[in-house]
Amino acid sequence: MRAAARDGKGLKGIGGLDRKSHPANKQRTNGAGPMNSPLDHKKLLKSATGDWEIVIGMEIHAQVTSQAKLFSGASTAFGGEPNSHVSFIDAAMPGMLPVINEECVRQAIRTGLGLKAKINHRSVFDRKNYFYPDLPQGYQISQYKSPIVGEGEVIVDLPEGERIRVGIERLHLEQDAGKSLHDQHATMSHVDLNRSGVALMEIVSKPDLRSAEEARAYVTKLRTILRYLGTCDGDMEKGNLRADVNVSVRRPGEPLGTRCEIKNVNSIRFIGQAIEAEARRQIGVIEDGGSIEQETRLFDPVKGETRAMRSKEEAHDYRYFPDPDLLPLEFDQAYVDELASQLPELPDAKRARFITEYALSAYDASVLVAERANADYFEAVAKRDDGKSRDGKAAANWVINELFGRLNKEGRAIDASPVSAAQLGGLVDLIGEGAISGKIAKELFEILWNEGGDPRELVEKRGLRQVTDMGAIEAAIDAVIAANQDKAEQAKAKPTLIGWFVGQVMKSTGGKANPQAVNELLRQKLGI
Amino acid sequence: MTELIELSLAEARDGLEAKRFSASELVRAHISAVERARLLNAYVLETPEKALAQASESDARLKRGEARPLEGLPIGVKDLFCTKGVRTTAGSAILGNFTPDYESTVTSQLWRDGAVMLGKLNCDEFAMGSSNETSAFGPVVSPWLPPNWDGARARATIVKATAERAAPAGLLVPGGSSGGSAAAVAARLCLAATATDTGGSIRQPAAFTGTVGMKPTYGRCSRFGTVAFASSLDQAGPIARTVRDCAILLRSMAGPDPRDSTSADLPVPDFEAAVTRGAKGLKIGIPKEYRMDGMPEEIEKLWADGGRWLAAAGAELIDISLPHTAYALPAYYIVAPAEASSNLARYDGVRYGLRVEGGDVIEMYENTRAAGFGREVKRRVMIGAYVLSAGYYDAYYLRAQKTRTLIKRDFEQVFAAGIDAVLTPATPTAAFGIGEKASASPIEMYLNDVFTVTVNMAGLPGISVPAGCDAKGLPLGLQLIGRPFDEETLFATAKVIEDAAGRMVLPKVWWE
Amino acid sequence: MSVDATTVKRVAHLARIALPEAEVERMQGELNAILGFVEELAKVDVEGVEPMTSVTPMRLKQRADVVTEGNIADAIIANAPLSDDHYFMVPKVVE
């Protein structure tokens, strides 16, 4: 409730929790270390010598969804024979020049809008110079002082209704590097430039995160936003979303500690593990009387620890300067507005709308909006073709508990669901009309899943319609009671026996009697 | 046959059209001349078969009356332009036998217009130099002989030096970096040549060899497929024996290119048509800052002559000031090496060119680049890396780029006040001797570009036209600097000077 | 501003050019000659002056998002000093 008041967005369902951790604490958008910002003691790491606060910032590299690369016309498709998605430009042949891909520019702007960030109408591409076999030019075209997107924020919902605001420092476009394989040969590496030149968005957060859990939630949310926008598919297994995690520790109230950067963490799970491992390592060093050296590290998931990258003879001197093969990138507000007008509804807005429009719980709404395809499916269930709404809660219940549960069990994604939203919607209608009971509905769902068909037709054809004719029900009840006189007598003293009777009546009606009606009438007849 | 190579490009074009001779004859004459001129070391690669095949196709088109603008005309190509299927070296050992599978935009337009490629021309390594002495293929010998030298002595000197793997001291440099282009044009080893200019590399060698060289406005020609030295300064342009020839060649070389983000989206004017416009009513600026301390009297006189000739043609001479002139050269020697240090990072032995082994990849890089780059290139790459490095960027690169804005502003103000072109000497001296500046500080060599470098820094067009000779009989050139994209005025004014000075008498053949 | 031998070696490494000890001094002298020359620039008043970003006023051209290049692996590795099955081969990076 307090968060809602502060956000001013009319949000419901934050839970109105009464915790000292919330919500003023969550105004952490100043990474310089708001020393007087209230701590969430629950998040502190406890060691033998006391409490420690972990401070985390993240740099996410997100591969831009586009057909061709950032500065060349080669394909960005995954896989492919070595060096087949490579143009002479990507191979840095003599005399080759970059020309920027307009869609990559648009994707960056869209992402900036999704991050509620400042879009810079003028930005500059710089060369970041260093030598590495997978960097054919000997420099990466990136953006240094003037990125295309400035400050923004991401709202992250944590379990138990907690909500934090993570500041975004900037977003810029840059080229990805190629790939080196080191294990094919004893002394040589194999270099494949297919990925060289693919567009990346580097999204830099402010150091507003305070725990592994927050970090995981942040990356999850960011990934969801990117997928909603269609600007990055967020596939971490393919390496389309990678995280560099900056971790430091400090005693509560102290200035920021020295941070270490853990590079190229490629799963959300590992992000959490890496943070915890690194935080514990740093605490251990400090407690042993040492101090933290600023360095770049790698996370080893097998050992569950971070190690320093060995090629650290000296810090890289990147010698940034504006790329003279490119002019500054410029566009006007009208261009940005046009893109903004075509953005899809984003997760936060969709979640809020689900809560108000369909009377969903915050939890259910969150589950549904985590993937846009899921949310779209739900809405197709919750709304009829004619635009009228079905019972939102019932729709949510069936989508989340029944459909998602079944899909997860069989390892299917929503786009491979054998049951369409229309079919599921029809099922929800039938329940709403009282035509079938909940139990029958589950049977119907099974039929739809395995065989398909129209729910209404199936109900008729297979006689699934629930018996609501009170006369028929009464007759069935009377028959059961008559056949079980002694039990009927005991029921007065032992009311739980009604369950058995309900079972019998349901059996005798082939499960089609309306259970509520049966229950009520039985109670009457049994005198319970 | 010999007369064919003495024709200007325009005359050869007319001759082909008039069917006085065939393209094959014309090309064969040139192939022969090239073969006999190897002592000059102007060509690093001859492509006679390709040339004859192109000539044959040209003859077919000429017969059908389908002649393209450069149909059948033999051209030399500076080895900085990537030519498909033909080795391209940039004058360096580090490219090894690199054979590009793509064509530079500039040369592809030459072939589009029917030109014939005689071969690749020698140049300073990666276009870094003002004398063509830094080339991995050895220096180019200027067809101009020093005073009191005769052909026999010159030939003997070259043969002896070559045997000793030394440079033929005493003979003259053709200038650089487009020394091969200028020498070939002056020695009638091609009708014209393509070249590039980053700090004066077209204009200075043209001045040293008595030929005409035009560096167009930055963005007029595409840089795609041209080996990059300093991206914000490099520009391709023609060297030829007459102003008209330059105009004809530039028309084919120039044009917008979607593959070069810095190429200007402007249509190419008919430069040839502008050549005879004359200078009537034009305002010619004479910048006082180009009058350097200790400027040789000959240069002063030449400059004054040029002014007189233009005035006689109806132009008005106006004294102007370009206050930041003196800062152009130091600023250039920050910006150019900085960009070069980054542009040359790709020459690392991984994907093409020379590779020298090493224990690990870093050693491989270091050994390859140490072996593959010559001394001048190493110097500039290191200066470039230094001035961009942490802590020095503001003091050097940023400051130099700001100085560039001021240099450009000087010109903008002058043009805004009504000046149509600026007249200056092209070089502070005539050609010097091969090896003469070897022990001097690198700066001495850099000073050759003092008059030309401002033009690249401001992105303007500039032309060098032969205007006379010095006391030793060596050619001197005058430079005209124009408004952005106004190459036409430069061709027109250069023609006035060319006519008034009288056509340069090029050296008789001694090199065969 | 001048450079000492240590700086020269550092810069040589930055530029990945092997510089034998015997050549350091000569290179140092040459670099210092150039640095001395460009010191001239310290005299320019650049207060309030923007660095030159583009020589001619133009807008950055953009290309359409269409695949127009690639599938030329043979040509890509054609000039490679060492290759294996369309991969470039290099000595390993010592990590």
Side-chain angles (χ1 to χ4, degrees), chain A residues 71-73 83 86-102 125-141 144-145 178 180 182 187-193 196 310-311 313-329, chain B residues 80-82 88-90 95 98 100-105 126 222-228 230-234 257-263 335 338-339 341-348 350-353 359-362 364-366 369 384-393 397-398 401:
Chain A
F71 291 112
S72 84
N83 289 307
V86 176
S87 79
F88 293 123
I89 298 166
D90 305 315
M93 295 276 168
M96 292 295 99
L97 296 172
V99 182
I100 198 167
N101 179 329
E102 62 184 11
F125 286 94
D126 301 288
R127 293 189 185 177
K128 179 178 182 181
N129 298 281
Y130 64 97
F131 285 86
Y132 206 78
D134 65 12
L135 192 72
Q137 290 159 154
Y139 59 85
Q140 175 199 38
I141 303 180
Y144 184 49
K145 290 193 181 150
S180 302
H182 304 294
T187 57
M188 306 288 277
S189 296
H190 287 67
V191 179
D192 173 16
L193 299 177
S196 163
R310 261 173 288 150
S311 59
E313 349 91 1
E314 62 190 60
H316 281 294
D317 184 345
Y318 292 121
R319 288 157 284 141
Y320 284 101
F321 72 103
D323 192 328
D325 289 332
L326 296 165
L327 302 169
L329 177 65
Chain B
L80 219 56
F81 294 90
C82 288
T88 302
T89 67
L95 273 171
F98 173 68
D101 200 27
Y102 51 89
E103 189 84 36
S104 77
T105 297
F126 284 105
S222 167
R223 293 183 301 110
F224 182 84
T226 307
V227 178
S231 313
S232 73
L233 299 159
D234 293 343
D257 186 1
R259 291 179 299 178
D260 175 356
S261 298
T262 60
S263 112
V335 173
E339 293 181 6
S341 72
S342 182
N343 284 332
L344 269 61
R346 61 189 60 194
Y347 302 105
D348 58 11
V350 175
R351 289 148 288 115
Y352 44 80
D360 64 10
V361 77
I362 294 180
M364 190 267 278
Y365 285 155
E366 296 192 340
R369 290 159 65 82
Y386 179 71
V387 303
L388 289 175
S389 66
Y392 298 109
Y393 177 86
Y397 189 79
L398 190 60
Q401 286 287 72

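Note that the structure is predicted; figures quoted are calculated from it, not measured. Computed over heavy atoms, backbone and side chain alike; hydrogens, waters and symmetry mates excluded. To find a chain, count down the sequence lines: A is the first, B the second, and so on, and within it residues start at 1.
Highest contact tally toward chain A, considering only B:Ser341, B:Ala390, B:Pro100, B:Gly353, is held by B:Ala390 [criterion: heavy-atom pairs under 4.5 Å]. Most heavy-atom pairs under 4.5 Å with chain A, from the set B:Arg259, B:Arg346, B:Glu339: that is B:Arg346. Chain B forms more heavy-atom pairs under 4.5 Å with one residue of A:Pro324, A:Pro94, A:Pro133 than with any other, namely A:Pro94. Chain B forms more heavy-atom pairs under 4.5 Å with one residue of A:Pro98, A:Gly138, A:Pro136 than with any other, namely A:Pro136. Here A:Val99 is the residue among A:Asn129, A:Ile100, A:Asp323, A:Val99 with the most heavy-atom pairs under 4.5 Å with chain B.
With a 4.5 angstrom heavy-atom cutoff, B:Phe98 touches chain A only via side-chain atoms. Contacts of B:Tyr397 with chain A are made by side-chain atoms alone, with heavy-atom separations under 4.5 Å and no backbone atom involved. If you measure heavy-atom distances from B:Leu95 to chain A, the contacts under 4.5 Å come from the side chain alone. Residue B:Thr226 touches chain A through its backbone alone, counting heavy-atom pairs closer than 4.5 Å. If you measure heavy-atom distances from A:Tyr139 to chain B, the contacts under 4.5 Å come from the side chain alone. Looking at B:Tyr347, the atoms closer than 4.5 Å to chain A (heavy atoms on both sides) all sit in the side chain, from C-beta outward. Proximity to chain A (any heavy atom under 4.5 Å) is shown, for B:Ala385, by both the backbone and the side chain. Using a 4.5 Å cut-off between heavy atoms, A:Leu135 does not touch chain B at all. At a 4.5 Å heavy-atom cutoff, B:Asp234 makes no contact with chain A through either its backbone or its side chain.
With a 4.5 Å cut-off on side-chain heavy atoms, B:Phe81 and B:Thr88 do not count as touching.
A cation-pi contact, defined as under 6.0 Å to the ring centre and within 45° of the axis, is absent between A:Lys128 and A:Tyr320.
Residues meeting the side chain to side chain donor-acceptor pair (under 3.5 Å) test with A:Ser196, sequence neighbours left out: none. Residues satisfying the side chain to side chain donor-acceptor pair (under 3.5 Å) test with B:Ser261, not counting sequence neighbours, are none.
The closest side-chain donor-acceptor pair between B:Ser389 and A:Arg319, if any, does not fall under 3.5 angstrom. Counting only N and O atoms by type, the side chains of B:Asn343 and A:Arg127 include a donor and acceptor under 3.5 Å apart.
A salt bridge is absent between B:Arg223 and B:Asp257; no separation between the charged side-chain nitrogens and carboxylate oxygens falls under 4.0 Å.
How far CG of A:Leu97 is from OG1 of B:Thr262: 6.5 Å, rounded to the nearest 0.5 Å. Once rounded to the nearest 0.5 Å, the distance linking OG1 of B:Thr105 with CZ of B:Phe224 reads 5.5 Å.
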